[in-house]
Amino acid sequence: MAASSTQGSHDTHHDIFQLIHHHQEKAARLPPIEEVKTLLHHSSRGFLSTFSQKYQGYPSGSMIDFACDAYGSPIIAVSNLALHTKDLLANSRCSLLVAKDPEDRTDLIITVQGDALPVSESNMEAVRTAYTTKHPHAFSVEFGDFQFLRIEPKVVRYVSDVATALFRSGEFSEDEFRTAKVDPIYQFSKPIASHMNKDHSEDTKLIVQHYTSVPVEYAYMLDVDSLGFSVKGGYEGNSLKLRVPFTRGATERKDVKTLIIEMLQTAKSQANCEREQ
């Protein structure tokens, strides 16, 4: 009897993860190039790799703050005293790696490969504004030994769902990336997710259960875009991330509230029908 029970539990566990795989594979999400440009636009820190001048050209890495200009090119503020600045002034070729979730290697990871070049005087004011808006406490950029460099992409690469059956990867040229759009809803992720997680966590869980059919034990909203939202959920001690598509696209912040309410009402109605049966 014990062996039969164990086998049944294993089969159920397997079925659930097959269900998760099927759902994630079909779930609507932003086109990869928009997803990548949106994440880069809203990120503020990455891993810069340069060719070391001090150590015989071996690759050298630094954690660095950045902001993006109007076309999505990363802007960095560097001190003339820093080794990576000396590297870049001698050899402008570099890469910038940005991870959506540094604690989760299966989440979206972006690598921008290009040349870090000095910003022209004609663009300086716009670049300074973009950088200080993203980093309002970066007073050091006013020091005389700091300068702005723009990483002009040659190629933008991405990987996601590494080491899983849902593995995705691709790359975009400079022109493709330059003309891609930033999702207009993603900018509201923090206030929307914070509100839902603080005041409506049970509602989020019910929506996830209904629209994914996965019996999550909790659901923590991570971010929102025009096509849906992502959650971190739990199932039998396992942590997992799920994509929950909206029933239709959102174009304004108020649309997200309307859609979530509608989806919650549908989920509650279905749950009530099941209880009455």
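With sequence neighbours excluded, no residue satisfies ring-ring contact (aromatic ring centres under 6.0 Å, His included) with Y220. The side chain to side chain donor-acceptor pair (under 3.5 Å) check on N197 picks up nothing, with sequence neighbours excluded. Remark: F148 engages Y131 in a ring-ring contact (aromatic ring centres under 6.0 Å, His included) (not counting sequence neighbours). Residues passing the salt bridge (Lys or Arg N to Asp or Glu O under 4.0 Å) test with E125, sequence neighbours excluded: none. Residues passing the side chain to side chain donor-acceptor pair (under 3.5 Å) test with S92 are D115, sequence neighbours excluded. Residues satisfying the side chain to side chain donor-acceptor pair (under 3.5 Å) test with R248, not counting sequence neighbours, are E262. Remark: H42 pairs with Y186 by the ring-ring contact (aromatic ring centres under 6.0 Å, His included) rule, at least two apart or across chains. In terms of the side chain to side chain donor-acceptor pair (under 3.5 Å) criterion, E103 has no residue partners (sequence neighbours excluded). H22 pairs by the ring-ring contact (aromatic ring centres under 6.0 Å, His included) definition with nothing, not counting sequence neighbours.
Looking at K37, its side chain does come within 3.5 Å of a backbone N or O of F177 through a donor-acceptor pair. E217 places a side-chain N or O within donor-acceptor distance of the main-chain N or O of E236, the cut-off being under 3.5 Å. In this structure, the side chain of E152 does not engage the main chain of L117 through any donor-acceptor pair within 3.5 Å. In this structure a side-chain-to-backbone donor-acceptor pair under 3.5 Å is missing from K134 to T129.
For the atom pair D203 CG and Q265 CD, the distance stands at 10.5 Å (nearest 0.5 Å). Here the straight-line distance linking atom OG of S60 with atom CG of L48 works out to 8.5 Å at 0.5 Å rounding. Rounded to the nearest 0.5 Å, atoms CG (L242) and OG (S230) are 9.0 Å apart. Atoms CG and NZ, on L39 and K100 in that order, are 6.5 Å from each other to the nearest 0.5 Å. Between atom CG of residue D223 and atom CD of residue Q187 there is a gap of 13.5 Å, rounded to the nearest 0.5 Å. Residue T85 holds its OG1 atom at 7.0 Å from CG of L149, rounded to the nearest 0.5 Å.
The two residues P32 and Y158 come nearest to each other via the heavy atoms CB-OH, 3.4 Å. Summarising the geometry of A27 relative to R243, their closest heavy-atom pair is CB-CG, 3.7 Å, with the distance given to 0.1 Å. The shortest non-hydrogen separation linking P153 to V156 is CB-CG2, 4.0 Å. The heavy-atom pair separating S213 from L19 by the smallest distance is O-CD2, 3.1 Å. Closest heavy-atom contact between G72 and C68: O-SG, 3.6 Å. Of all non-hydrogen atoms in L40 and P74, the two that sit nearest each other are CD2-CG, 4.3 Å.
Looking only at side-chain heavy atoms (C-beta outward), L222 and D101 stay at 4.5 Å or farther from each other. Here the side chains of P59 and S49 are not in contact, with every heavy-atom distance at 4.5 Å or above. The side-chain heavy atoms of V244 and M263, taken from C-beta on, include a pair separated by under 4.5 Å. In this structure, R45 and I64 have side chains that are not in contact, with every pair of non-hydrogen atoms separated by 4.5 Å or more. The side-chain heavy atoms of V162 and F167, taken from C-beta on, include a pair separated by under 4.5 Å. For the pair V224 and M221, the minimum side-chain heavy-atom distance is below 4.5 Å. Inter-residue side-chain proximity for S43 and F66 is flagged as met; some heavy-atom pair is nearer than 4.5 Å. Taking the side chain as every heavy atom from C-beta outward, H21 and L166 approach each other to under 4.5 Å.
Using the six-membered ring where Trp is involved, F229 and F246 have ring planes that are tilted, between 30° and 60° apart.
Between S226 and the options L30, T38, V256, a side chain to side chain contact (heavy atoms under 4.5 Å, CB included) holds for only L30.
The cationic atom of K205 (NZ for Lys, CZ for Arg) does not lie both less than 6.0 Å from the six-membered ring centre of Y218 and within 45° of the ring axis.
Looking only at atom types and distance, the side chain of H84 has a donor-acceptor partner in the side chain of S62 under 3.5 Å away. With no hydrogens or angles considered, no side-chain donor-acceptor pair links N272 and S269 at under 3.5 Å.
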In residues 138-147, what donor-acceptor pairs under 3.5 Å come from side-chain atoms, sequence neighbours left out?
from: E142; atom 1: OE2; to: R128; atom 2: NH1; distance (Å): 3.4
from: D145; atom 1: OD2; to: S79; atom 2: OG; distance (Å): 2.9
from: Q147; atom 1: NE2; to: N80; atom 2: OD1; distance (Å): 2.9

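Electrostatic pairing of D104 and K241 counts as a salt bridge here, judged by a charged N lying under 4.0 Å from a carboxylate O.
More than 12 non-hydrogen atoms from other residues, nucleotides or ligands lie less than 6.0 angstrom from CZ of R253.
Among residues at least two apart or in separate chains, side chain to side chain donor-acceptor pair (under 3.5 Å) pairs with a member in residues 50-59 are T50-D87. Within the structure, the salt bridge (charged side-chain N to carboxylate O under 4.0 Å, His left out) test picks out the following pairs touching residues 161-184 (sequence neighbours left out): E35-R168, D161-R168.
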